[in-house]
Amino acid sequence: NAGVTQTPKFQVLKTGQSMTLQCAQDMNHNSMYWYRQDPGMGLRLIYYSASEGTTDKGEVPNGYNVSRLNKREFSLRLESAAPSQTSVYFCASIMDPATNEKLFFGSGTQLSVL
Amino acid sequence: RKEVEQDPGPFNVPEGATVAFNCTYSNSASQSFFWYRQDCRKEPKLLMSVYSSGNEDGRFTAQLNRASQYISLLIRDSKLSDSATYLCVVEDWGYGQNFVFGPGTRLSVLP
């Protein structure tokens with residue numbers, strides 16, 4: 001059982017380049033999330049998808065776009081990377097956030113923008 | 001704005017010590033509370049949910065005070081393997097279905 005698979009694990013970009021972070025879960029979860037984590041700060045929500053076909057902005061959406069391709073996959077795209085987007089990115093999923101279940105996380109992507 | 005705040009840490013304690021972490025949250029409407037553990041920038045993993053009556057899981061005890069909007073985590077008989085960052089997490093429906101993470105408190109258990 002793979003859980004949440006996130007790729008790539010590491011990426012270095014130059015300012016202005018674009019890239020897509022991939023996330024897939026095999027647990028039939030409805031809700032999926034993209035967070036970023038910066039030193040000294042908690043995880044901050046970038047975008048989330050409450051169900052297949054829907055996406056919504058979180059706390060820090062500027063500079064990012066997302067696609068909920070199907071129930072399994074939720075991708076995060078940086079159209080024109082900036083040094084301020086250097087961070088560790090985590091994808092997460094949950095069946096129903098209204099219950100007391102746990103979030104399942106991917107292993108993270110360390111992104112550096114030069 | 002800081003919705004979830006935690007003790008800044010780090011906490012350096014000897015093996016066998018008892019250590020307590022504190023967390024406060026700003027949204028009085030929050031209903032669900034959790035402690036997650038994160039090792040060395042790896043993904044966070046659920047340590048325990050926090051219930052209104054308080055709950056215990058082995059050496060770990062979580063308490064919730066809704067009136068003070070305060071959550072605590074007590075670790076007894078600390079082990080070297082408890083060294084990690086502990087994240088306080090609060091459900092917050094301000095951004096739809098979201099979980100707000102505190103900045104974390106780092107614990108180092110020393111031999």
Side-chain angles (χ1 to χ4, degrees), chain A residues 2-7 9-10 23 25 29-51 54-61 66 68 86-112, chain B residues 1-10 21 23-27 29-55 57 62 64 71 84-106:
Chain A
V4 179
T5 302
Q6 191 178 331
T7 58
K9 292 190 182 300
F10 302 94
C23 176
Q25 49 87 13
H29 284 173
N30 292 315
S31 298
M32 297 185 74
Y33 305 81
W34 276 105
Y35 289 95
R36 61 177 287 173
Q37 186 175 32
D38 301 297
M41 303 184 73
L43 279 72
R44 292 183 293 168
L45 183 67
I46 304 171
Y47 270 92
Y48 69 97
S49 171
S51 60
T54 68
T55 61
D56 286 285
K57 295 179 180 180
E59 182 184 357
V60 288
V66 291
R68 183 76 183 265
T86 293
S87 189
V88 179
Y89 292 83
F90 289 103
C91 176
S93 71
I94 192 169
M95 176 64 79
D96 180 359
T99 65
N100 239 19
E101 299 177 18
K102 66 177 180 179
L103 283 163
F104 287 80
F105 283 89
S107 58
T109 298
Q110 175 77 59
L111 174 66
S112 295
Chain B
R1 88 183 156 185
K2 291 190 175 181
E3 297 185 26
V4 178
E5 297 192 43
Q6 296 185 240
D7 290 333
F21 302 136
C23 170
T24 58
Y25 61 96
S26 60
N27 187 351
S30 296
Q31 294 295 318
S32 299
F33 310 90
F34 311 87
W35 284 101
Y36 276 72
R37 169 192 170 128
Q38 187 175 29
D39 295 291
C40 280
R41 299 291 258 186
K42 292 190 176 179
E43 71 272 21
K45 294 183 178 178
L46 180 68
L47 178 66
M48 58 196 303
S49 300
V50 185
Y51 301 115
S52 296
S53 55
N55 49 299
D57 183 1
L64 170 64
I71 306 160
T85 296
Y86 291 84
L87 306 173
C88 178
V89 182
V90 175
E91 173 208 351
D92 184 340
W93 291 69
Y95 291 107
Q97 302 155 312
N98 184 23
F99 299 88
V100 181
F101 287 74
T105 300
R106 181 171 175 79

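Here is how names work: the chains are called A, B, and so on, in the same order as the sequence lines, proteins then strands, and each is numbered from 1. Remember, it's a predicted structure, so these values are computed and weren't measured experimentally.
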Checking side-chain contact (heavy atoms from CB on, under 4.5 Å) for the pair B/F99/A/Y35: CA distance, chi angles, key distance, verdict?
CA-CA 10 Å; B/F99 299 88; A/Y35 289 95; 3.8 Å; yes
Looking at every heavy atom in both A/F105 and B/E43, which two are closest together, and how far apart are they?
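Result for this residue pair: CB-CB, 3.6 Å.
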Would you check if there is a donor-acceptor pair between the side chains of B/Q38 and A/Q37 at a distance under 3.5 Å?
yes
For B/Y36 and A/L103, indicate whether the former's side chain and the latter's backbone hold a donor-acceptor pair under 3.5 Å.
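Yes, because the side chain of B/Y36 sits within donor-acceptor range (under 3.5 Å) of the backbone of A/L103.
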